[in-house]
Amino acid sequence: MKMLKTGKRINSHRKFSEEFKRKLVDDFEKGVMSVPQMQKLYGVCNALIYRWIYKYSTYNEKNIRIVEMKDSQTHRLKELEEKVKELERTVGQKQIMIDYLEKMIDLAKETYSIDIKKNSNTPLSGGSKPTGKR
């Protein structure tokens, strides 16, 4: 971009090749990029990108308006937030269960003088015996 001595910018007119335009339209149709993403990446006005979509799109017919679904990203974000809340609830329930079982172990220790956590007199389970060489 060119600048005047006053610091104001002079917009220079850019020309884009037909190949570049078709690539952007193809990326849009395949769902690789959205129009706002292309606008930020290439510095092209979104109205210009939509004009190219109307002109070069293989799906476009005359007098058909293309509407980009911005809500799909919002919907996906809400789904993920709900999934996080559900997982946090599950973790909370598991933590409550752990706290409950630890309290039961402490009560057993106090009431029956049995240290369940560190009771070394219990026999090893079948799968945890050391194996001898044959």
Side-chain angles (χ1 to χ4, degrees):
M1 266 194 198
K2 297 179 184 179
M3 300 284 280
L4 292 174
K5 290 181 182 179
T6 60
K8 292 185 179 181
R9 290 191 284 182
I10 300 174
N11 290 334
S12 57
H13 185 70
R14 298 185 296 172
K15 286 194 173 190
F16 298 97
S17 69
E18 187 170 330
E19 179 183 341
F20 176 77
K21 296 173 188 178
R22 288 186 184 275
K23 180 193 174 304
L24 262 61
V25 171
D26 189 50
D27 286 350
F28 175 76
E29 288 177 344
K30 289 180 181 176
V32 175
M33 297 177 85
S34 67
V35 173
Q37 289 170 330
M38 286 188 261
Q39 180 183 1
K40 287 180 185 176
L41 182 65
Y42 298 112
V44 179
C45 175
N46 66 357
L48 189 57
I49 296 171
Y50 280 116
R51 195 176 318 148
W52 296 341
I53 292 169
Y54 292 137
K55 186 174 181 181
Y56 298 110
S57 176
T58 56
Y59 303 112
N60 192 20
E61 297 177 19
K62 292 290 181 188
N63 299 322
I64 301 281
R65 174 175 266 172
I66 296 174
V67 178
E68 188 175 1
M69 299 301 287
K70 290 182 183 178
D71 293 338
S72 63
Q73 292 176 352
T74 307
H75 180 67
R76 177 76 175 135
L77 181 63
K78 286 182 181 179
E79 284 179 348
L80 292 173
E81 286 174 347
E82 286 187 28
K83 181 71 173 175
V84 167
K85 286 180 185 177
E86 178 184 333
L87 292 172
E88 286 174 344
R89 274 194 301 273
T90 304
V91 168
Q93 291 170 349
K94 296 295 182 188
Q95 187 60 48
I96 290 171
M97 182 58 84
I98 290 169
D99 293 344
Y100 170 76
L101 293 173
E102 285 181 353
K103 184 66 176 172
M104 293 301 293
I105 290 170
D106 291 342
L107 287 173
K109 181 179 179 182
E110 290 172 13
T111 306
Y112 302 109
S113 299
I114 300 172
D115 190 3
I116 296 173
K117 288 184 180 178
K118 297 183 181 180
N119 190 353
S120 60
N121 295 336
T122 58
L124 298 173
S125 64
S128 61
K129 288 184 183 178
T131 57
K133 293 184 180 178
R134 291 185 190 190

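As a basis for the values below, the full set of heavy atoms in this structure was taken, side chains included, without hydrogen atoms, waters or symmetry mates. Only a predicted model underlies this, so the values are computations on that prediction, with no experimental measurement involved.
The structure places CZ of Arg22 at 10.5 Å from CG of Asp26, a figure rounded to the nearest 0.5 Å. In this structure, CG on Leu101 lies 11.0 Å from CG on Asp106, to the nearest 0.5 angstrom. For the atom pair CZ of Arg51 and SG of Cys45, the computed distance is 8.0 Å after rounding to the nearest 0.5 Å.
For Ser113, there are no side-chain contact (heavy atoms from CB on, under 4.5 Å) partners, not counting sequence neighbours.
Residue Val25 is grouped with residue Val32 when hydrophobic side chains (ILVMFWY) are merged at heavy-atom distances under 4.5 angstrom, including chains of intermediate members. Neither Ile98 nor Met104 shares a network with the other; the hydrophobic side chains, linked directly or stepwise wherever heavy atoms of I, L, V, M, F, W or Y lie under 4.5 Å apart, form separate groups for each.
Trp52 has its ring centre less than 6.0 Å from the ring centre of Phe16.
Under the side-chain hydrogen bond (donor to acceptor under 3.5 Å, both in side chains) criterion, the residue pairs touching residues 84-101 are Gln95-Asp99, with sequence neighbours excluded.
More than 12 non-hydrogen atoms from other residues, nucleotides or ligands lie less than 6.0 angstrom from CD of Glu79. Environment of NZ in Lys109: sparse, with no more than 12 heavy atoms of neighbouring residues, nucleotides or ligands closer than 6.0 Å.
In terms of heavy-atom proximity, Gln37 sits nearest to Met33 at OE1-CA, 3.2 Å. Contact between Asn46 and Gln39 at its shortest, heavy atoms only, is CB-OE1, 3.5 Å. Of all heavy-atom pairs between Met38 and Phe28, the closest is CE-CB, 3.5 Å.
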Between Glu81 and Lys78, is the salt bridge (Lys or Arg N to Asp or Glu O under 4.0 Å) condition met? List the steps. CA-CA 5 Å; Glu81 286 174 347; Lys78 286 182 181 179; over 6 Å; no
